[in-house]
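Everything on this sheet refers to the single structure shown next.
Since the structure is predicted, the reported quantities are computational estimates derived from the model, not experimental observations. Counting starts at 1 for both ligands and their atoms, in listed order.
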Amino acid sequence: MSATEIETHPDPASLQLTPAGDLRHLLTLRGLEQGLLIDLLDQSEAYLSPPGQNAVRTNGLAGCTIGNLFFEPSTRTRASFELAAKRLGAEVLNLDVNMSSRKKGESILDTIYTLQAMQIDVFVVRDASAGVPAYIAQHVDSHISILNAGEAEVSHPTQGLLDLLTIRQHKGTFEDLTVTIVGDVSHSRVARSAAEGLATMGVGELRLVSPPALAPEPESMPGAIIMSDLDEGLRGADVVMALRIQRERIDDLDGIPGADEYFANYGISHERMKLAAPDAIVMHPGPMNRGIEIEASLADGPQSVITQQVTNGVAVRMAILTAVNDSQKLR
Ligand code: CP
């Protein structure tokens, strides 16, 4: 959508809780208390089944309708929201944006109002423009919830939660951990939501490593250590997360290293991981560019928890859908 379509809107953190403190929308991890994050992580664990067993299914959302509105491409987030909703017994609408009336000039709010009239209860929204999930949250009927499934470079709260869950499964607590995020931090909603969630959980140290042209504004990620030397960033790290270069958000590629130079200086590899803690885990939100930000055999090796992140994504989204549905019943 065009930025001009978005009116001035309040801080998303101020929109997402009901007056009783229950989660109505999930727009950002910023401002959510540690106790609420822990409850969501614990609930997510309850939606995981042992390897090789069928996925957990309940009828907790029977009668509800979930609308997936992805105005940017997605594999993991969209598929996992759909599976999460179906495994909870909900009905799912996946709007085919390219075949929708948005292509004929319909505004995003008219699209939302049209689907709201079809009794959708929860909208899952991904958009390339900042502010869209909060803008929609301000305008929907009071019984409806909005879940941010990726907002420009600003926020990806369910990804942040699944990253917290994966780290907690391997490391137990956050206080003593050094977490290193490597790559295009400046354009990464994944890094911002991870930083917000890790700060709330009291992480020991968060290092953000990137080429200078892809470094974040320090004030956008308070408390993190911004670095450009990967070896220094990896030294003693307990958790290493690689990010891809978000070329779709970069107008001018001047100053951005080419693939070979990037891998040589910022790619994580078996060799480089020798600098990290011996039991360090390797994460990547996907989609991955093997051989650019991560060595292929490292992504598939024993330190990698990348597929576990994907599995956790379904469980986390089940927990979020349940939480907002529970708060809808109380409203
Ligand atoms: N991690 C993530 O958001 O992946 P998708 O773009 O495939 O949803």
Side-chain angles (χ1 to χ4, degrees), residues 12 26-30 40-41 44 66-87 92-98 122-130 132-133 146-167 169 179 181-198 208 210 214 239-250 268 281-290 292-294 299-300 304-321:
L26 180 62
L27 305 174
T28 175
L29 293 186
R30 191 165 39 77
L40 289 170
L41 299 183
S44 303
I66 313 300
N68 269 337
L69 275 63
F70 280 67
F71 301 107
E72 263 196 334
S74 169
T75 297
R76 281 147 285 269
T77 313
R78 179 175 152 152
S80 60
F81 263 115
E82 179 173 358
L83 287 173
K86 286 179 173 170
R87 287 175 186 170
V92 181
L93 170 82
N94 288 309
L95 185 73
D96 184 345
V97 173
N98 288 320
V122 179
F123 287 99
V124 177
V125 180
R126 171 173 288 195
D127 200 280
S129 298
V132 169
I146 305 301
L147 304 182
N148 178 351
E151 174 192 358
E153 76 287 356
V154 175
S155 186
H156 194 351
T158 57
Q159 178 73 44
L161 284 170
L162 76 87
D163 290 337
L164 291 182
L165 180 62
T166 309
I167 293 170
Q169 286 167 341
V179 177
I181 302 180
V182 187
D184 177 6
V185 180
S186 66
H187 299 100
S188 177
R189 56 195 176 206
V190 172
R192 282 188 179 74
S193 284
E196 289 162 0
L198 286 165
L208 305 171
S210 56
L214 298 174
V239 175
V240 178
M241 182 191 295
L243 303 172
R244 75 183 173 91
I245 298 178
Q246 310 250 314
R247 292 185 187 279
E248 69 275 25
R249 300 189 208 291
I250 303 176
I268 57 168
I281 57 170
V282 172
M283 304 176 73
H284 194 306
M288 268 188 290
N289 294 296
R290 291 166 181 260
I292 300 180
E293 69 265 11
I294 188 167
D300 299 328
S304 170
V305 296
I306 294 169
T307 54
Q308 191 177 346
Q309 288 175 267
V310 176
T311 303
N312 285 339
V314 181
V316 158
R317 287 158 185 136
M318 289 173 82
I320 295 294
L321 286 168

With Q308 via side chain to side chain donor-acceptor pair (under 3.5 Å) - residues at least two apart | Q169, H170
Do any N or O atoms from the side chain of R244 and from the backbone of M288 form a donor-acceptor pair under 3.5 angstrom?
->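 Checking the backbone N and O of M288 against the side chain of R244, no donor-acceptor pair under 3.5 Å is found.
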Ignoring hydrogens and angles, tell me if any N or O in the side chain of R87 forms a donor-acceptor pair with the backbone of E82 under 3.5 Å.
-> no
With T28, which residues qualify under side-chain contact (heavy atoms from CB on, under 4.5 Å), at least two apart?
-> P12, A13, Q16, R30, S155, E196
The side-chain contact (heavy atoms from CB on, under 4.5 Å) partners of R76 (sequence neighbours excluded) come to P287, V310
Tabulate distances under 3.5 Å between N/O atoms of ligand 1 and N/O atoms of the protein, writing both atom names on each line.
from     : atom 1 : to   : atom 2 : distance (Å)
ligand 1 : 1 (N)  : Q159 : OE1    : 3.0
ligand 1 : 1 (N)  : P285 : O      : 2.9
ligand 1 : 1 (N)  : G286 : O      : 3.3
ligand 1 : 3 (O)  : T77  : OG1    : 3.0
ligand 1 : 3 (O)  : R126 : NH2    : 3.0
ligand 1 : 3 (O)  : H156 : NE2    : 2.9
ligand 1 : 4 (O)  : R76  : NE     : 3.1
ligand 1 : 6 (O)  : R126 : NH1    : 2.9
ligand 1 : 7 (O)  : T75  : N      : 2.8
ligand 1 : 7 (O)  : R76  : N      : 2.9
ligand 1 : 7 (O)  : R76  : NE     : 3.1
ligand 1 : 7 (O)  : R76  : NH2    : 3.1
ligand 1 : 8 (O)  : S74  : OG     : 2.6
ligand 1 : 8 (O)  : T77  : N      : 2.9
ligand 1 : 8 (O)  : T77  : OG1    : 2.6
ligand 1 : 8 (O)  : R126 : NH2    : 3.2

Does the cation-pi check pass for R126 over F70, that is, NZ or CZ under 6.0 Å from the six-membered ring centre and within 45° of its axis?
->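 Because its charged atom misses either the 6.0 Å distance or the 45° angle limit, R126 does not stack over F70.
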